[in-house]
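Reminder, nothing fancy here: chain letters follow the sequence lines and each chain counts from 1. Remember, predicted model here, so these are calculated numbers, not experimental data.
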2 protein chains.
Amino acid sequence: MGRMSVAERRDSLVAAAIRVAEREGVAATTTRAIAAEAGVSLATVHYCFARKQELLEGVLTAIVTQLSDAAQAELPPGGDPGVLLRDGLRRLWEVVEREPGRQQVTYELTQVALRTEGMAGFARWQYEVQSGLCRRHLEAVARAARIDWTLPMPVLARMLLAVVDGVVLGWLVDRDGATTRRSLDALAESIGGFSRPAGS
Amino acid sequence: MGRMSVAERRDSLVAAAIRVAEREGVAATTTRAIAAEAGVSLATVHYCFARKQELLEGVLTAIVTQLSDAAQAELPPGGDPGVLLRDGLRRLWEVVEREPGRQQVTYELTQVALRTEGMAGFARWQYEVQSGLCRRHLEAVARAARIDWTLPMPVLARMLLAVVDGVVLGWLVDRDGATTRRSLDALAESIGGFSRPAGS
DNA sequence: GTCTATAAGGAGATAGAC
DNA sequence: GTCTATCTCCTTATAGAC
């Protein structure tokens, strides 16, 4: 843990903060805990980030960016839109179920951002990014299944994002994976129903 | 603000805590802030609640109970299940849009409960109560529309609860009421589709 | 039952040596 | 860049007078 550039140290502190937040919760992610996790002194944290809020913004940005990078997937042509959506959500679900702490941190950070002066914009940005991922996936499904959606894209994207958020939130509370997966499948099928053959 | 019984004082402190939490967030709901809001001294709070966690449990209980009481509604016979569900969600939405702080506090408290030793049970209880409300509403819709649901009730109830949670969560971030209402309508219609005429 | 006063500790942030 | 030491403020909780 010798000397490194400010940029490297910042990345290392953000990574440490994410580990602490997943393990202990965002509320318990103090600058002291982050410093200990990263193996540096408290003052080093404040040398790299003028205020703690800047570090939290870095955490939120890193989490959203990682999620965004992981969500890219191309779809082979053909198939039913409901089935394509269902398969996409099942792949997403595997990731969620493997990293529950990450999802919990995401929701906690959104709440913190909404309540913190000057961070509300980050919450909205996070939501726009996730909404954009939903939109792109819905467009990919439309191309693959050769259909047009019968609802405006903003409405459909919001439906899909709401379904994912709500389902994950519920699972974080009761950890009933079986019922959760069946609900997710049914909701995917539902949304797939808002389609008609392309150009008709 | 003279003397009152412990029970009365506890209720008054819980009510004060809810007001502070709606205004400032659960994280900022300190015993001092609650005492000030209730017009009593700090020591009085600790006289009525041995630990702060007991007070928070009282807040969560009060919020869930109030929500539960407000959700009762009888449905006139006849109509389409999707339309009945949609109308129910629209009534619920009016309440949500009128009291955004209340919803935000609910999510914040769930997160706190999940992270707090000894409070995880409260989060699960909260979820079971809300799930029960969804189940009862779905059963009422089935009676009114004379249909049977084509999915098991636990799955349907979870779908409905997830939809409400996800939609509210998204609206708390971007406050786009128009898109939110259209998404809610479409999702209600979707869930209504998992039905067939009764006894067929 | 309610108060004032205080304990005991944790938080973010900074000063100044190296 | 990183450290130790410290400041200042705020938190939960308690003691003891009234």
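- The residue V6(B) sits close only to the backbone: its heavy atoms come under 4.0 Å of sugar-phosphate atoms, none of a base.
- Applying the side-chain contact (heavy atoms from CB on, under 4.5 Å) test to R102(A) and every residue at least two apart in sequence or in another chain returns I18(A), E22(A), I63(A), Q66(A), E99(A).
- Residues in residues 111-120 of chain A take part in these salt bridge (charged side-chain N to carboxylate O under 4.0 Å, His left out) pairs, two or more places apart or across chains: R115(A)-E108(B).
- Residue pairs meeting the salt bridge (charged side-chain N to carboxylate O under 4.0 Å, His left out) criterion with at least one partner in residues 46-59 of chain A, sequence neighbours excluded, are R51(A)-E54(A).
- For A27(B), the side-chain contact (heavy atoms from CB on, under 4.5 Å) test picks out no residue, with sequence neighbours left out.
- Partners of A15(A) under the side-chain contact (heavy atoms from CB on, under 4.5 Å) rule, at least two apart in sequence or in another chain, are R19(A).
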Report, one line per pair, each donor and acceptor closer than 3.5 Å where one atom sits in a side chain of residues 160-181 of chain A; sequence neighbours left out.
| from | atom 1 | to | atom 2 | distance (Å) |
| --- | --- | --- | --- | --- |
| D165(A) | OD1 | Y107(A) | OH | 3.2 |
| D174(A) | OD1 | D176(A) | N | 3.0 |
| D174(A) | OD1 | R158(B) | NH2 | 3.1 |
| D174(A) | OD2 | R158(B) | NH2 | 2.3 |
| R175(A) | NE | L172(A) | O | 3.4 |
| D176(A) | OD1 | A178(A) | N | 3.4 |
| D176(A) | OD1 | T179(A) | N | 3.1 |
| D176(A) | OD1 | T179(A) | OG1 | 3.2 |
| D176(A) | OD2 | T179(A) | OG1 | 2.8 |
| T180(A) | OG1 | D176(A) | O | 2.7 |
| T180(A) | OG1 | R158(B) | NH1 | 2.8 |
| R181(A) | NH1 | E97(A) | OE1 | 3.0 |
| R181(A) | NH1 | E97(A) | OE2 | 3.3 |

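- At least one side-chain heavy atom of L138(B) sits under 4.5 Å from a side-chain heavy atom of L85(B).
- Put simply, CE on M4(B) is 10 Å from P on dC3(C), counting in whole angstrom units.
- Residue pairs meeting the salt bridge (charged side-chain N to carboxylate O under 4.0 Å, His left out) criterion with at least one member in residues 80-94 of chain B, sequence neighbours excluded, are R90(B)-D185(B).
- One can place CD1 of I34(A) at 17 Å from C1' of dT2(D), the figure rounded to the nearest angstrom.
- Atoms CZ (R3(A)) and P (dG1(D)) sit 8 Å apart, rounded to a whole Å.
- Residues from residues 15-23 of chain B with heavy atoms under 4.0 angstrom of DNA chain D: there are none.
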Check: What one-letter contact string describes nucleotides 4-16 of chain C from 5' to 3', where B marks a base within less than 4.0 Å of any protein heavy atom, S marks contact via sugar-phosphate atoms alone, and - marks no contact?
Finding: B------BBBBB-
